[in-house]
Amino acid sequence: MGQKFDWINIERGTSKYNALHVEGKTTNASLAYFGQEGTGNSATFKGGGGVDIKGVSGQKNALNIYDNQTENSTAYVENNGSGRAFRAKQLGQGSIAWFQGKSDRAKLSVNASDDGESIYLEIYQGEQPIWTPTNNLSDLTLAEDVAPIENALDKVLSLEGVSFSWQDKALGESKEIGLSAEKVGEVLPELVHSADGQSGLVKYEKFVPVLIEAIKAQQKQIEQLQQEVKDLKGQVGSQSSQGDSEEEYVPDF
């Protein structure tokens, strides 16, 4: 039986320099290629810094991972320590993370806001972003400029619920119901979000406080009408009793 040995073994002691440095400036080929047809790892990296992969000015991705196997994960990240198993940070203008199915018609994107202060998700179906979750944090002790929703009933009455079918069948083939994002944006712009500058997304869950205020305004109108009806009935009843008492008295001789 043959003896176990490393084909190439590079060790670095306490030197601050790289144990292995491979650099290519003009070649179109890979700087390093590891191929393994067996069950072992194509490459194993172990060290304090692990692996640093940098794409500076090239046109290619900094890291490509291809897997022709169907029963195993293409990428597997495990951390036995207390840190993060996976971390993605984007300092440029692109997406923080982008997940895509077999085609580009099913995608999930993790993006940062324009000011870089918040993160949101976008789920695509076809070429349209169809859903973005919103933050449900609603502790008013953390808020400022709190104000009631004005003219909630008028705003609700100006909207129209419709049924429709999608032109792009990638978005779905069954009948849908909803609101026009364009119309909602006219009266309640806070409830419309535009993802990637494309079609507007309606934040339907944010309609709850608007509908609450609309119901309260309508209930107030109902109570006012009830009071007016009650007052009218009282006036009619009073006039009727007065009429009965003012009938001409005919003495009985």
(Q) Is there a path of hydrophobic side-chain contacts, each under 4.5 Å between heavy atoms, that joins Leu211 and Leu159? (A) yes
Q: Calculate, to the nearest 0.5 Å, the distance between atoms CD and CG belonging to Gln218 and Leu153 respectively.
A: 5.5 Å
Q. Taking only residues two or more places apart in sequence or in another chain, which ones pass side chain to side chain donor-acceptor pair (under 3.5 Å) with Gln227?
A. Asp231
Q: Kindly compute the distance separating CD1 (Ile149) from CG (Leu188), expressed to the nearest 0.5 Å.
A: 8.0 Å
Q. Side chain to side chain donor-acceptor pair (under 3.5 Å) with Glu160: which residues, sequence neighbours excluded?
A. none
Q) Hey, is NZ on Lys233 packed in by over 12 heavy atoms from elsewhere, all under 6.0 Å? A) no
Exercise answer: donor-acceptor pairs, residues 85-92 side-chain atoms, under 3.5 Å, sequence neighbours excluded:
from  : atom 1 : to    : atom 2 : distance (Å)
Gln90 : OE1    : Gly92 : N      : 2.8

Q: Dump the intermediate steps for side-chain contact (heavy atoms from CB on, under 4.5 Å) on Leu171 and Glu176, then the final yes or no.
A: CA-CA 10 Å; Leu171 297 175; Glu176 299 278 357; over 6 Å; no
**Q.** side-chain contact (heavy atoms from CB on, under 4.5 Å) partners of Gln226, counting only residues at least two apart
**A.** Ile222, Glu223
**Q.** Atom pair CG/CD of Asp168 and Glu173 - distance to nearest 0.5 Å
**A.** 10.0 Å
Q. At their closest point, which heavy atom of Phe34 faces which heavy atom of Ala43, and how far apart are they?
A. CG-CB, 4.1 Å
Q.
Is there a path of hydrophobic side-chain contacts, each under 4.5 Å between heavy atoms, that joins Val187 and Leu157?
A. no
(Q) Are Val210 and Val202 linked, directly or through intermediate hydrophobic residues, by side-chain heavy-atom contacts shorter than 4.5 Å (ILVMFWY only)? (A) yes
Q | Exercise: identify the closest heavy-atom pair between Ala214 and Val156 | A | CB-CG2, 3.8 Å
**Q.** Between CG on residue Asn151 and OG on residue Ser158, distance to nearest 0.5 Å
**A.** 10.5 Å
Q | Where Ser95 and Ser109 come nearest, the two heavy atoms and their spacing | A | OG-OG, 3.2 Å
Q) Out of curiosity, does Trp166 fall in the hydrophobic cluster containing Val162 (side-chain heavy atoms, cut-off under 4.5 Å, transitive links)? A) yes
(Q) For Gly200 versus Val192, what's the shortest heavy-atom pair and its separation? (A) CA-CG1, 4.2 Å
Q: Let me see the working for Gln219 and Lys216 under side-chain contact (heavy atoms from CB on, under 4.5 Å), right down to the final yes or no.
A: CA-CA 5 Å; Gln219 181 63 30; Lys216 288 166 60 178; 5.6 Å; no
Q.
Taking side chain to side chain donor-acceptor pair (under 3.5 Å) as the definition, give me every residue that meets it alongside Glu186, ordered by chain and number, with sequence neighbours left out.
A. Lys183
Q.
Minimum heavy-atom separation for Gly178 and Phe164, please, with both atom names.
A. N-CE2, 3.7 Å
Q: Quick one: pull up NZ in Lys155 and CD in Glu150 and give me the separation to the nearest 0.5 Å.
A: 7.5 Å
(Q) Using every non-hydrogen atom in the two residues, find where Phe207 and Leu179 come nearest and quote the distance to one decimal. (A) CZ-CD1, 3.6 Å
Q: Mind running side-chain contact (heavy atoms from CB on, under 4.5 Å) on Asn80 and Glu78 for me, showing each step along the way?
A: CA-CA 7 Å; Asn80 294 321; Glu78 178 179 343; 3.2 Å; yes
Q | Test side chain to side chain donor-acceptor pair (under 3.5 Å) applied to Thr44 - qualifying residues, sequence neighbours left out | A | Asn41
